[in-house]
Each structure stands twice: as structure tokens, then as C-alpha cells.
Amino acid sequence: MKLKITIPKDKKHTETVTCVAWSSADEVISTGDDHKILKWNLVTGESFPLSTLPADVFPTDMSILPSQSKAGKNSSDVFVITSSDGKFHLFSNAGRIEKSVEAHKGAVLSGKWSKDGSALLTAGEDGQIKIWSRSGMLRSTLAQLPCCIYSVVWSPESDNVLYTNGKQLVIKPLQPSAKPLTWKAHDGIVLKVDWNSVNNLILSGGEDCKYKIWDSYGRPLYSSAIHDYPITSVSWSPDGNLFTVGSFNMLRLCDRSGWSHGLEKPTTGSVFNVAWSMDGTQVAAACADGHVMLAHCIEKRLEWCEFEVTLTGRKTIEVRNVVNDAHETLELRDRVIKMSLAFKHLVVVTSSQCLVYSTNNFNTPAIFDPRDGNISFIQQCEKHFLIVDHVGLYIYSYEGRQICSPKLPGGVRGSSLSIRTVSLSPDVLAVRDVKNDHSVMLYDANSGKLLGDGAPVVHTMEILTVHLSQCGPMSDRFLAIIDKNHDLYLTPVRKTSSNHRLPKLASMVQSLKWNSNVNILCGLRDMKLLVWFYPRALFLDKDILPQTLHERECSEFGKNPELCDFNENTVIVRRADGSICSISNMPYPAMLHRLVAADKWNEAVRLCRFAKLKSLWACLASMTLKEKDLATAEIAYAAIGEVDKVEYLKHIKSIPSKEVRTAEITLLSGSVNEAEAILIQGGFIYRAIQLNLDLFHWERALELAVKHKTHVDTVLGYRQVYLNQIHKQETSNKFKQYSKGVEINWQNIESKIEMELEKEGK
């Protein structure tokens, strides 16, 4: 990917351009030291004067009122310009000054609207940071510093402010009692900062000729090499996947991780300001020589199986089949905003249409009109795909038919979501709650309604990423999450009660991907590739879960690599420097999954004997517990040396009742409550009571006995024997109460137990 730059031949500004901003997807507003305010139309390539500033006013910064705060057509494109005379000026769309406000002593160097457009933030040479109302009334003075503040931005939720303080960066909460977070960011004065609302990352550039990336706690994530000149501008793309860096005769396009996609060296002097279009495909830059530099992203490349798709121009896509070297050129009517390639389909969103191509035939796409032109991202699964725009979420079939539109809680907009906090599977959509980052909402992908009783999956910490498994029915659907500590947790989507505790699968996991074809999970940790051949073993037999894990040293990836894809037996990884490499995984686990899914147990056993891998036998052992195949389970557990479980399986096989066998297998998986429910539903009350007695769940055993009016004396008798063995007195009021009216006769107890066992045998 790179930027294709367009520089107009004729300079419309006669002096340095200091500010640029996008008023719409195809219109740019610019102003500079020549006091002109110009509007550029990218469709016609023309520009025309919008207004003229007074001769003593030199603009320093410009901010467009966010689109979601616009009340209507007449009030759209309200923008603010800060200037060197200590004022900020509110302009209407027609270029008329609505209001000029005395804001600071000395120049106002930075001015930014809040995300909802309800407040304006300004900072100046006098070291003050002030918050103003939409109409220009002063609300508060947030900070008073002894030095000049060059740049200031809002946090994603507009509840904090980030500003420069010499070589330091400061995050100041709006609450008066809260302490600010301060850290040294650069070796020189920090000139520009930006804070993305989607990925919650901070970008800074300074006089030390470096740009850096930080998280919201001030921890460093990336530091660039030293450039030739100071960094004069930085800007995130709206979706948070890219950012641009400007310096003297330089404009760099970078990935969110920090590595560079492309470097352009126009001879335009310093790039003082960079702005992204709302759809994240175009860039406008204010240059020192008077030019307004325009650029758009091209050569974005997607790969899936044998297909390679490249965006070669604003409206042109090249498709190549690397197997037979067949080429297709797709000429589109409008410029491409987003595209996605997976599951045998290419989805392309332009400024006015959405086109869905099948990889079998690129000649006849399904075409429909999207709801909004500002698309945040596209996500695909086997049956359908998801489009997230600035307004909401929409699930479509590959024939172009809208299936549903899930409603986000609390009026949350789609622009606040990212591809890491949303996951789509054939039957479930998972969305991390924007207002409560500890919970994940689960939606039915076919109806758009919340799953079950609507209870979210709740975690104890902030959730960073969510991933849904892609294969099998909903009963096999699992949600994997990575939290702020980079711990990996796994949960079935059907167990979504608020008190359901998420079981932990691994620690310090940096990146995660489910296989597209079978339910195999891979992750990256400490320069190692981890592959869980059967993650469901976490819920079936935790003891053999480590044996289903395959670890592989991957020190060649360097620090902070990222998983891009996991398809068939190939894992695609992007290194920290942006280069792509692939790793081949052993084919046997995927083959085993397919054999078990087809109920071919004999072939599965033969495969394990052929491969002679302990991890494969462990996977088969867990799979047999799920499918309740005792004969194969005995073979698999014997192969991995689990003698005690082989003996227990033999005991289960000797039980005549099917319900009791099922309950015992469920108990082997650690699901006590489920095993008890199976026994009670089948009418085996004594077995349910004995299950709790064996586990020393005395209160529950007595509760069942009293409720069903049977074996109360059995419970009291075993309780008495237990207390005698440990030399303790009874302390439970319940047991004291029932002991008074029940006689314990072991001959009667044993005869009743024998009758129960005889009844089971019949």
C-alpha cells in the first residue's frame, strides 16, 4: 500500500498553507498565511475562495464540527479556525464568520471539537488550555502551564485531554480531583499529537525527528528511527488502521503498529498539517510552499487461498489467480473505499455501491446500495458478511440481501467499533460493549436479536479483542477473548449468564486466530507460535489440555508480530517490520476433526496410530468424551498413558443405564451440575444424592433427599460416619434438625441402596 500524491500545478495560496480539513468526502477546506480560505472540489479538480481573513489574522489550526453532531443540512460543515491574534473564529458552511472569541494571550495554537461536537478545546502560547461551549462561551480553564502548548486533542470518550508540555505528554482528566498522567515522550519539544477513537492509541511527533506510538496509559509501543528533519504533523485515519507522518519534503504512510507502508518525498517544504477524509481513503496536506497536497491510498493487497487482489487505482482492482495465472481487471464506477476477500467472495464498497463478487465468476457481481458512505470495516464468514459504517451494523448475504441490522445498546454508533472488538460467525455476532469494555454482547446473526436472555459475556477486566470460532453448529461455537493483561479466555456462546466465570486458556497472548475450516486455535506468545488442536478440551478434560497444545519457536518474527490468517494448514504472520511470512502446520489435526465430524471413529483411530503423535491421541480422547464414544475413549486414553481414566471408563461401560453412563461421562469432564441434572431428569434420585455425597456436597445431598422424600437417612448416616472419621461435631443446623426425627439404621440403608441398584439394572 502507498499514497498516490496529486499536487496542483497552480498554487492557489501565495503563502504557507497552515491548515486543511475535510468538509465532506470530496471537499477540502484550506487556509494559510495569505489569509485566504479556499474550498477544493476533488471531483471537478477546482477550487474557489470561501472567505478571507483580516490582514492581521494568521491561522494556526482548523477543525470541522463532527458529522454526528450536525443538526441538519443548513448547519453542516461548521468549522473553527484558531489564529495568531489570540482568537478563534466560528465559520458557517458559506464562509461567513459567525463569531470571533478572544480566547488566549498570544497565538491560539490548537483547537479541536469534541467527538460529539458539544465542546471546543483550545490551547495557546500563554500555556492555558480552555474548554468552550458550541456557541463560544467559556466553560472552564483546564490547565495553566509556564510554557507554550503546541498541540492538544480529546480522548476517545471526550473525558480526558491530551496535550504537549515541552518534551512531555500529559493526559488530564476533566474531573477536578483526578490526577494527570505525565511522561517524557521525546528528547525534543513535542510538536504534534493525535489520539484515535477506535484503537485508543496515541501518536506523537517532535523536534527529535521521531514519531512514536503510545497506549492510553503512556506505555511506549513503537518508536521510529531518527528522520532528517523534525516531525511537523501526525494524523490517524478514522478507522485507526493507518496514520500519516509529515516532515520537510516528506509524507509517510504507516500501519497502526508503526512500520511504514510507503514514503513520498514531494518538494513542497514542511508538511504542517495532515487530514484524513471521513472514509479513510484520502489525505490532504498543508505545505510550506503554498501547495495543498492531495493523496489517496492505492496498491492495497489482499490474499486468500490462490487469489490475490490489488487496488491499482482509485476505481480499478486487479485480480490474479496464482495457480493458473489468470487475470481479471475490475473497473468500477466510483472510487473504492473498502474491500475484503475471504470465503470465496470479494466484497468491494465504493462511495455509492457495494459489490459482491464470487471467486468462481467475477463478471456478474451482486450490487446493492450501502446505508452510509463512511464504511469503518468489512468482516466475512462462510454464510454472510458484516458491514460496519458510522451509523450501525448490517449483515448481508453474499447475494446482496440484508439479513439483519443488530441494534447496539445505548445509542452507540458504528464508528466507535473496530475489527478487533467485533467478530462474526455463521450464526453469532460478538460485539464488545463500547460503554462497558468488560462485557461482550452476543447477537443471533440471522435475526439481529440478542442471544438467549440477552445477558452479555462478562469479564473481570477490560477486553481488548474478541474472536468467534467459524466451524460447526452453534453448540460448537466458542468465543475467545484477550484482556488487558493479554490473558486468553474461552467460553461457549450458549453459557452467557452474568455469573458464568470465564475459564483461562493461556497467559501473555499477543495475537489470536481461529482456523477458517476447523475449530483449531492459534496464538502468539513470547516469540512462540501456540496451536491448540482441540480447544474444547478445556471443558471436557483439563488434565489433557496441555497435551493438545503444540508450541513452535518463532524468534525470526521479532517483537510484536501479528497473526493475519489461519486457513487450512497455513498460518500467515506479519512481522514487526511489516513483512509477511507463512508457517505450515501439521495436517493431521485438521484431518482428525473432519473424520470425527463424519462419525468415522475407526478411521480416526487409524490416523492416530499412523501419525504416532501424543497430541493427536489427546485430541481424540477429548472428542470421544464429547460424543460419548466409550470404546474409542478407552483406546485413546490408553495411548496417552491415562491408566486411572481407562479404569474409570471400564467402570462406566459396566453401568447398565444409559442415563447414568451419560452422567458419569459428564462428571469425568468436570461438569458436576450438568451430571446431577441428567440423573434427576432420568429419575435416578439416589445416584444424584450419592454423587453429591462422593464430592462432600453435604448440604446439596440433604436438599435433594428432603425435596424428593427419599434417602434422608442415607445422607445423615454418611454424614455421621464422615464426622466420626475426622473427629468433629455436627455444626450444620439443617443436619441437627433432621437428625432428631430420623433413625439411622444401616441395614435399612444398605437394603435400599441394593434395591436402587437392582432397579437400575432392569
Side-chain angles (χ1 to χ4, degrees), residues 221-222 255-259 302-305 342 419-420 423 463-471 478-490 503-538 542 544-594 607-608 611-620 622-623 640:
L221 302 180
Y222 180 83
D255 182 78
R256 71 188 296 273
S257 302
W259 53 270
L302 304 174
E303 294 179 359
W304 183 81
C305 292
I419 201 164
R420 290 168 176 79
S423 183
I463 297 171
L464 298 182
T465 58
V466 297
H467 299 267
L468 283 169
S469 60
Q470 297 296 315
C471 305
F478 286 87
L479 173 69
I481 67 169
I482 298 177
D483 66 13
K484 189 173 67 173
N485 287 344
H486 289 278
D487 292 333
L488 171 61
Y489 292 83
L490 193 68
K504 185 176 176 179
L505 188 61
S507 301
M508 300 307 296
V509 177
Q510 299 166 301
S511 186
L512 186 70
K513 279 289 179 184
W514 285 96
N515 190 291
S516 301
N517 307 99
V518 291
N519 283 339
I520 297 176
L521 184 64
C522 72
L524 289 171
R525 177 181 68 186
D526 296 333
M527 298 186 184
K528 289 182 179 179
L529 178 69
L530 311 178
V531 183
W532 288 271
F533 294 144
Y534 194 60
R536 191 171 189 146
L538 178 64
K542 287 184 180 180
I544 63 173
L545 176 64
Q547 299 183 48
T548 67
L549 173 64
H550 174 69
E551 293 191 23
R552 178 172 176 173
E553 287 287 341
C554 296
S555 56
E556 66 271 17
F557 293 157
K559 293 183 178 180
N560 299 322
E562 185 178 8
L563 289 170
C564 296
D565 195 16
F566 186 17
N567 192 25
E568 294 292 344
N569 303 314
T570 305
V571 181
I572 307 296
V573 181
R574 188 183 293 277
R575 299 185 196 177
D577 61 1
S579 59
I580 294 285
C581 55
S582 61
I583 302 176
S584 294
N585 191 29
M586 65 177 73
Y588 303 124
M591 295 168 65
L592 182 64
H593 274 270
R594 293 188 177 98
L607 175 66
C608 293
K612 297 179 182 178
L613 294 171
K614 199 170 183 179
S615 58
L616 213 59
W617 281 112
C619 291
L620 182 61
S622 297
M623 292 172 178
I640 57 177

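Judged by distance alone, the side chain of S423 and the main-chain N or O of L468 form a donor-acceptor pair under 3.5 Å. D483 places a side-chain N or O within 3.5 Å of a backbone atom of H486 that can act as its donor or acceptor partner. Counting only distance, with no hydrogens or angles, the side chain of N515 and the backbone of E568 share a donor-acceptor pair below 3.5 Å. A donor-acceptor pair under 3.5 Å is formed between the side chain of D577 and the backbone N or O of S579. Between the side chain of S511 and the backbone N or O of L563 there is at least one donor-acceptor pair closer than 3.5 Å.
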Validation: residues 550-557 side-chain donor-acceptor distances under 3.5 Å, sequence neighbours left out:
residue	atom	partner	partner atom	Å
E551	OE1	K528	NZ	3.4
R552	NH1	S584	O	3.1

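When all heavy atoms of R525 and S507 are compared, the pair lying nearest together is CD-O, 2.7 Å. Nearest heavy-atom pair across W532 and G523 is CZ3-N, 4.1 Å. Nearest heavy atoms, N517 versus R594: CB-NH2, 3.7 Å. Of all heavy-atom pairs between G578 and R574, the closest is O-NH1, 2.8 Å. Between M508 and N485, the shortest heavy-atom contact is SD-O, 3.7 Å.
Interatomic distance, F566 CZ to I583 CD1, rounded to the nearest 0.5 Å: 10.0 Å. Remark: K614 NZ to I544 CD1 distance equals 10.5 Å, nearest 0.5 Å. Residue L521 holds its CG atom at 4.5 Å from CG of L512, rounded to the nearest 0.5 Å. Taking NZ of K559 as the reference point, atom CE of M527 lies at 6.5 Å (rounded to 0.5 Å). Residue S622 holds its OG atom at 10.5 Å from CZ of R536, rounded to the nearest 0.5 Å. Separation of atoms CH2 (W514) and CG (N519) is listed at 5.5 Å; rounding is to 0.5 Å.
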Test log, rule side chain to side chain contact (heavy atoms under 4.5 Å, CB included), inputs L505 and L545: CA-CA 9 Å; L505 188 61; L545 176 64; 3.7 Å; yes
Criterion side chain to side chain contact (heavy atoms under 4.5 Å, CB included) on I572 and E303, from CA distance to verdict: CA-CA 10 Å; I572 307 296; E303 294 179 359; 5.9 Å; no
Working for side-chain hydrogen bond (donor to acceptor under 3.5 Å, both in side chains), residues K513 and S516: CA-CA 9 Å; K513 279 289 179 184; S516 301; over 6 Å; no
Side chain to side chain contact (heavy atoms under 4.5 Å, CB included) evaluation trace for L524 with L529: CA-CA 5 Å; L524 289 171; L529 178 69; 3.8 Å; yes
Audit row: S615, T548, side chain to side chain contact (heavy atoms under 4.5 Å, CB included) steps and yes/no: CA-CA 5 Å; S615 58; T548 67; 5.8 Å; no
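Ring centroids of F533 and H593 are separated by 6.0 Å or more, keeping the two rings apart.
Looking at N560 and Q510, their side chains come closer than 4.5 Å, going by heavy atoms from C-beta outward.
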